[in-house]
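One structure below.
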Amino acid sequence: MRSLPSAVMTADALSTVRTRFAPSPSGHLHVGGARTALFCWAYARQQGGKFILRIEDTDQKRSSDAASLGFLRDLKWLGIDWDEGPEFEDCGGGEFGPYFQSQRVETYTKYLDQLVVEGRAYYAFDTAEELDAKRKAARAANQNYRYDGSAAMALSPDEVQRRLDVGEAAVIRFKLPHEPIVIRDEILGEATIAPEQLDDFVIRKADGFPTYHFAVVVDDELMQVSHVLRAQEHFMNTARHMVLQDALGFRRPTYAHLPLIFNPDGSKMSKRDKDKTLRAAVKAKGIDNLNVVFRQTAGIDAWLKDKDSQLEFDSAIMLADDLAVQLPEINVDDFRRSGYLPDVLINYLALLGWNPGGDVEKFDRAYLVEKFGFDRVLKSPAKFDRAKLLAFSHDAIQALPTEEFVRLFRAHCDEFHPEFIEKLSPEHFDLLAAANHKRSKTLDDQVRSSLFFVLEDSAIEYNTEDKNARKAIANGDPPGRAHLEALLPLLEGLHQWDVAGLEKAIGAYVEAQAGGNLGKVAQPLRVAVTGTTISPAIYETLAILGKVSTAIRIRRCLEAFA
RNA sequence: GACCCCAUCGUCUAGCCAGGUCCAGGACACCAGGUUUUCAUCCUGGUAACACGGGUUCAAAUCCCGUUGGGGUCGCCA
């Protein structure tokens, strides 16, 4: 270990790198949060420091334990492990806890009291309604609203105490100093904020909890956070945090504000986007066409009207199914369900707002850890491009050895599509997985087209109007229909029902009756067993399906197209 | 509206800080052709950007100023 030059050891410098990811536990981990966590983690790992996870649950209205657990799993799935924080599997713990802000209220109160005693903060008794009215009035008059603390500060200490004693609701506000505030940011550079741009902001809510600004500042100090990496929407907040640090005599961490991640249409990528999609679909279809379950669900009207309200996860899935709309993937968990590999998501996310320079864009965690630096983080927002993510996924899936793909596909089905595990023998499942490998872009994208394997024979539908199906069955000389009729007894008499046996038998038929053109025979077969022209290679498809189902489906198909 | 930040192909971006090697490179998407028993791949080729206007300079995508455009913030949310 070499020692640092003494010049670096200023009062503000924290010698050990400690980064933190500090989400509020509302809902799942979304991709923006995941990227912030990723960069925090990568920087800590690179510097041999610590990565801390802290749960910012100071909003009693929103917090829920189940939600906070959900994204711990998401983080682990991405391969982002934390040294300190909530204990989960082999992560968490640490000597600077508790890591849930709701359990640190006493600590905040101590510092809050200190500021009040020192005259740097004061009680204020305005109601939310009063403030709201003033804000609206200011806006109507085209004026900037700033809180006027003169009335609150004019209150004598005795008067304040008396009103507190009778239980009047009060917040504590920070008395903003009058000097300009210079924000230094590793990514954005320097910005000077005039004190008039800020006002005496609330640091303790009426319910006794600190506001975000206060809790962040206290915790970052106490947890010895050296580097704060967070989304750019917090840039202005930095000024508030800095004046609080000064008032409290705290050290100043290094700040780095990350560019935002947008939807392709330029709107901010939000967890509300799913509900937005659903509302639009409901409105387009008309509420009367909704499934009765939903029409009768209490609150569906309120949900339709309130842009901020969110449906429960299961309800959203059901409604999307009912409306036949695809919900946008927003959360890490959504991408997991969609069959993306964690390494792929990590790689793509890392490229949003950062890159290692040159033409390199495929890399793993180790490379990110080695190369990550604030100097290569972009300043402007990036749009999330699902097509590019899909392309990355495709490459990664194709690079997998087939045995590995089979293993991952089985794990994916275990969790999300158990019917494939239940209805197929282990051997046939493996054959299906292997047959799907080279057609797959994700672990999930061939599930829909493979459904015919697990459906009842009678559930296969033949759409005689379908152009491709008609072409396969009715066209040609002889037409596909004739091939099916000829093949039926041949297949029913086949003893070796596996890929090799089928290839031999059908291959021979093709040579003799279809001029060696496999497509002439494979396509009718495909339509017969799937109802569509889409399936894995035909021999694999038939081998997995089995002789009985194949024969039944060929008969049904011939009837349908008769 | 006020303040702060930003600005290269449709998208993510390299190049900019240390001006010339950039009539701007890569990837995704798109288009055309080819391979393939379907689908999906795969191969080859192509279209496509320095927001605009002024400066500085022998020379500007790169430096400066302005305009325009985009974003963020302005909560007892975080």
Side-chain angles (χ1 to χ4, degrees), chain A residues 22-26 56-59 61-62 101 124 126-128 131-132 135 138-139 141-146 169-173 183 185 187-189 191-194 196-199 201-207 209-213 215-216 230-237 239 257 259-260 262 264 266 268 348 351-362 375-376 378-392 394 398 436 438-441 445-446 449 468 472 506 510 514 517-523 525-527 530 532-539 541:
Chain A
S24 68
S26 49
E56 310 229 324
D57 54 351
T58 54
D59 185 355
K61 291 190 280 293
R62 290 209 219 172
Q101 290 187 328
D126 320 75
T127 65
L131 295 173
D132 205 37
R135 269 188 211 105
R139 179 161 285 268
N142 228 340
Q143 304 246 292
N144 269 336
Y145 173 77
R146 290 186 75 223
V171 300
I172 296 179
R173 283 179 182 269
I183 302 175
D185 184 278
I187 295 162
L188 264 14
T192 303
I193 310 295
E196 299 78 44
Q197 294 308 315
L198 267 29
D199 63 4
F201 54 95
V202 173
I203 53 179
R204 193 183 77 171
K205 303 180 246 182
D207 63 7
F209 277 78
T211 58
Y212 161 74
H213 303 297
V216 155
R230 50 166 37 159
Q232 228 171 69
E233 57 194 348
H234 286 297
F235 186 72
M236 280 299 197
N237 288 336
H257 287 92
L260 265 19
F262 285 169
K268 202 163 113 182
Y348 181 72
L351 242 19
L352 250 27
W354 178 82
N355 70 79
D359 293 339
V360 179
E361 60 175 5
K362 298 286 183 64
D375 55 339
R376 297 204 64 90
L378 279 312
K379 302 178 184 186
S380 38
K383 287 176 186 164
F384 193 98
D385 182 0
R386 285 195 179 71
K388 183 147 180 170
L389 205 216
L390 223 213
F392 271 39
H394 179 244
Q398 294 312 314
N436 270 339
K438 64 178 193 292
R439 319 163 63 225
S440 293
K441 295 187 174 185
D445 70 339
Q446 291 307 320
S449 68
N468 290 329
I506 296 175
V510 168
N517 188 340
L518 180 58
K520 294 257 184 276
V521 172
Q523 281 304 79
L525 280 170
R526 222 178 308 259
V527 170
T530 72
T532 72
T533 51
I534 301 166
S535 89
I538 196 65
Y539 302 129
T541 300

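Throughout, a chain's letter reflects where its sequence line sits, starting with A, and its residues are numbered from 1.
- Base engagement by A:T533 is indicated by at least one non-hydrogen atom pair under 4.0 Å involving a base atom.
- Nucleotide B:C3 has B:G72 as its partner under the Watson-Crick or G-U criteria, with both atom distances under 3.5 Å.
- For CZ of A:R376, the number of neighbouring non-hydrogen atoms (other residues, nucleotides, ligands) closer than 6.0 Å is greater than 12.
- Scanning all heavy atoms of the two residues, the minimum distance from A:L351 to A:E361 falls at CD2-O, 3.2 Å.
- Proximity of A:N237 to A:F235: side-chain heavy atoms (C-beta onward) are nowhere separated by under 4.5 Å.
- Nucleotides B:U41 and B:G34 have their C1' atoms positioned 14 Å apart, rounded to a whole Å.
- Nucleotides of RNA chain B lying under 4.0 Å from heavy atoms of chain A occupy a range whose first and last members, 5' to 3', are B:G1 to B:A78.
- Looking at A:V521 and A:R526, their side chains never come closer than 4.5 Å, going by heavy atoms from C-beta outward.
- Across all strands, A:R135 comes closer than 4.0 Å only to sugar-phosphate atoms, never to a base (heavy-atom distances).
- Among the heavy atoms of the strands lying under 4.0 Å from A:F262 are primed sugar atoms or P, OP1, OP2 only; no base atom is included.
- When the P atom is used for both B:G26 and B:A78, the distance is 48 Å, rounded to whole Å.
- Taking atom P in both B:A7 and B:C50, one finds a spacing of 16 Å when rounded to whole Å.
- If you take atom P in B:A48 and the same atom in B:A24, they sit 10 Å apart, rounded to whole Å.
- Residue A:G189 is classed as having no contact, given no heavy-atom separation below 4.0 Å to the nucleic acid.
- The number of heavy atoms from other shown groups lying within 6.0 Å of NZ (A:K438) does not exceed 12.
- Figure legend. B:C52 is base-paired to B:G66; pairs are counted as Watson-Crick or G-U wobble with both atom distances under 3.5 Å.
- Base pairing analysis places B:C31 opposite B:G45; the two distances defining the Watson-Crick or G-U wobble pair are each below 3.5 Å.
- Among the protein residues, A:P264 comes within range of no part of the nucleic acid, since none of its heavy atoms lies under 4.0 Å from any strand.
- No contact: A:H257 has no heavy atom under 4.0 Å from any strand.
- A pairwise comparison of heavy atoms in A:Y348 and A:K383 identifies OH-O, 4.1 Å as the closest pair.
- Nucleotides B:C63 and B:C16 are separated by 10 Å at their C1' atoms, to the nearest Å.
- In this structure, A:A206 reaches the bases: a heavy-atom distance under 4.0 Å links it to at least one base atom across the strands shown.
- A:D375 comes within contact range of no nucleotide atom at all, as no heavy-atom separation falls under 4.0 Å.
- If you check B:A14 for Watson-Crick or wobble pairing at under 3.5 angstrom, you find it has no partner at all.
- Distance noted for atom C1' between B:G46 and B:G20: 30 Å (whole Å).
- B:U36 sits 16 Å from B:C43 when the P atoms are compared, rounded to a whole Å.
- Among the atoms of the strands shown, none is found under 4.0 Å from any heavy atom of A:R204.
- Searching all strands for a Watson-Crick or G-U wobble partner of B:G19 with both distances below 3.5 Å returns nothing.
- With a 4.5 Å cut-off on side-chain heavy atoms, A:Q523 and A:T533 count as touching.
- Using a 4.0 Å heavy-atom criterion, one finds that A:N144 contacts the bases of the nucleic acid, with or without backbone contacts as well.
- Using a 4.0 Å heavy-atom distance criterion, A:D126 is classed as a base contact.
- Among the protein residues, A:A128 comes within range of the nucleic acid bases, having at least one heavy atom under 4.0 Å from a base atom.
- The shortest distance between side-chain heavy atoms of A:K379 and A:P259 does not fall below 4.5 Å.
- For the pair A:Q232 and A:L188, the minimum side-chain heavy-atom distance is below 4.5 Å.
- Using a 4.0 Å heavy-atom criterion, one finds that A:R386 contacts no nucleic acid atom at all.
- Residue A:V171 is classed as a base contact, given a heavy-atom separation below 4.0 Å to a base.
- Taking atom C1' in both B:U8 and B:A61, the straight-line distance is 7 Å, to the nearest Å.
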